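First the structure, in the form of structure tokens, and then the observations on it.
Heads up: numbering here begins at 1 and tracks the sequence. From a predicted model like this one, the values you see are computed outputs, not experimental measurements.
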Amino acid sequence: MACLALGLGALLAAPVGAAAQDSTAAARDSVVVTPGDSAVASRPASAVDSLALRTSPMAAFWRSFLLPGWGQARVGRKLTAGIFIAWEGTTLAMSLKTRHELAYLRRTNSARAEDKRREHEDWLVLLGFNHLLAGLEAYVSGHLTDFPPDLKLQAMPGGLGASISIPFRVR
């Protein structure tokens, strides 16, 4: 029985040649079409489709709702993810700070305790809004991952230039 399991394991672990290393398959897939040809080159569908690698909008929403910035990072919006993570850290640190100050003011029976409690609640609300907005932004970004970027910024000799293309059809 052990020999059978060992044999199956060796069979499954045996190296398999990659498709890119097969010269006949590479020659068959690289069809050259000249402008005068009426034939259309067709490539076989790859095993990994680019849409299969895309994060679904709801998955991006839940990721960013649980941990702001996670969903943005999954859909390729690294700067936005960093901004949400930074704001999460700021609001979390400030809510912990105000909670500590509130505990001190309550121990000392200060009259400012009520104001500090309101400030603490404000930071908690901002923390909750950060989670909600991060989730919604990731949801929208998940829908727009395959949308073509039309806004282009580039450095110009006199400063910064911007261009936007708006596609429309005239019939």
Any side-chain hydrogen bond (donor to acceptor under 3.5 Å, both in side chains) pairs touching residues 102-111, not counting sequence neighbours?
none
Which atom pair, heavy atoms only, marks the closest approach of Ala60 to Val75?
CB-CG1, 4.2 Å
Report the residues that fulfil side-chain hydrogen bond (donor to acceptor under 3.5 Å, both in side chains) with Thr145, sequence neighbours left out, ordered by chain and then residue number.
none
Applying salt bridge (charged side-chain N to carboxylate O under 4.0 Å, His left out) to Asp122 and not counting sequence neighbours gives none
For Ala81 and Ala73, work out which heavy atoms get closest and say how close.
CB-N, 3.8 Å
Do Leu127 and Leu132 share a hydrophobic cluster (ILVMFWY, side-chain heavy atoms under 4.5 Å, transitive)?
no
For Met94, which fellow cluster members are found when Ile, Leu, Val, Met, Phe, Trp and Tyr are connected by side-chain heavy-atom distances below 4.5 angstrom, either directly or through intermediates?
Trp87, Trp123, Leu126
side-chain hydrogen bond (donor to acceptor under 3.5 Å, both in side chains) contacts in which one or both residues fall within residues 60-71, not counting sequence neighbours
Ser64-Gln72
Are Met58 and Leu136 linked, directly or through other ILVMFWY residues, by side chains that come within less than 4.5 angstrom of each other?
yes
Identify the heavy atoms of Ile85 and Pro68 that sit nearest to each other, and give their distance.
CG1-O, 3.3 Å
Residue set satisfying ring-ring contact (aromatic ring centres under 6.0 Å, His included) with His100, at least two apart, ordered chain then number -> none
Look up atom CD in Glu119 and atom CZ in Arg112, then write down how far apart they are to the nearest 0.5 Å.
8.0 Å
Suppose clustering is done on Ile, Leu, Val, Met, Phe, Trp and Tyr with side-chain heavy atoms closer than 4.5 Å. Which residues sit in the same group as Phe84?
Leu133
At what distance, to the nearest 0.5 angstrom, does CG of Asp115 lie from NE2 of His120?
14.5 Å
Those residues that, when tested against Thr80, pass side-chain hydrogen bond (donor to acceptor under 3.5 Å, both in side chains) (two or more places apart):
Arg77
Can you sort out the partners of Lys78 under salt bridge (charged side-chain N to carboxylate O under 4.0 Å, His left out), two or more places apart, ordered by chain and number?
none
Please report the interatomic distance CG(Leu105) to OG1(Thr98), rounded to the nearest 0.5 Å.
10.5 Å
Using the salt bridge (charged side-chain N to carboxylate O under 4.0 Å, His left out) criterion, which residues pair with Arg117? Sequence neighbours excluded.
Glu114, Glu121
Sequence-distant partners of Leu66, side chain to side chain contact (heavy atoms under 4.5 Å, CB included), two or more places apart
none
Glu88: salt bridge (charged side-chain N to carboxylate O under 4.0 Å, His left out) partners, not counting sequence neighbours
none
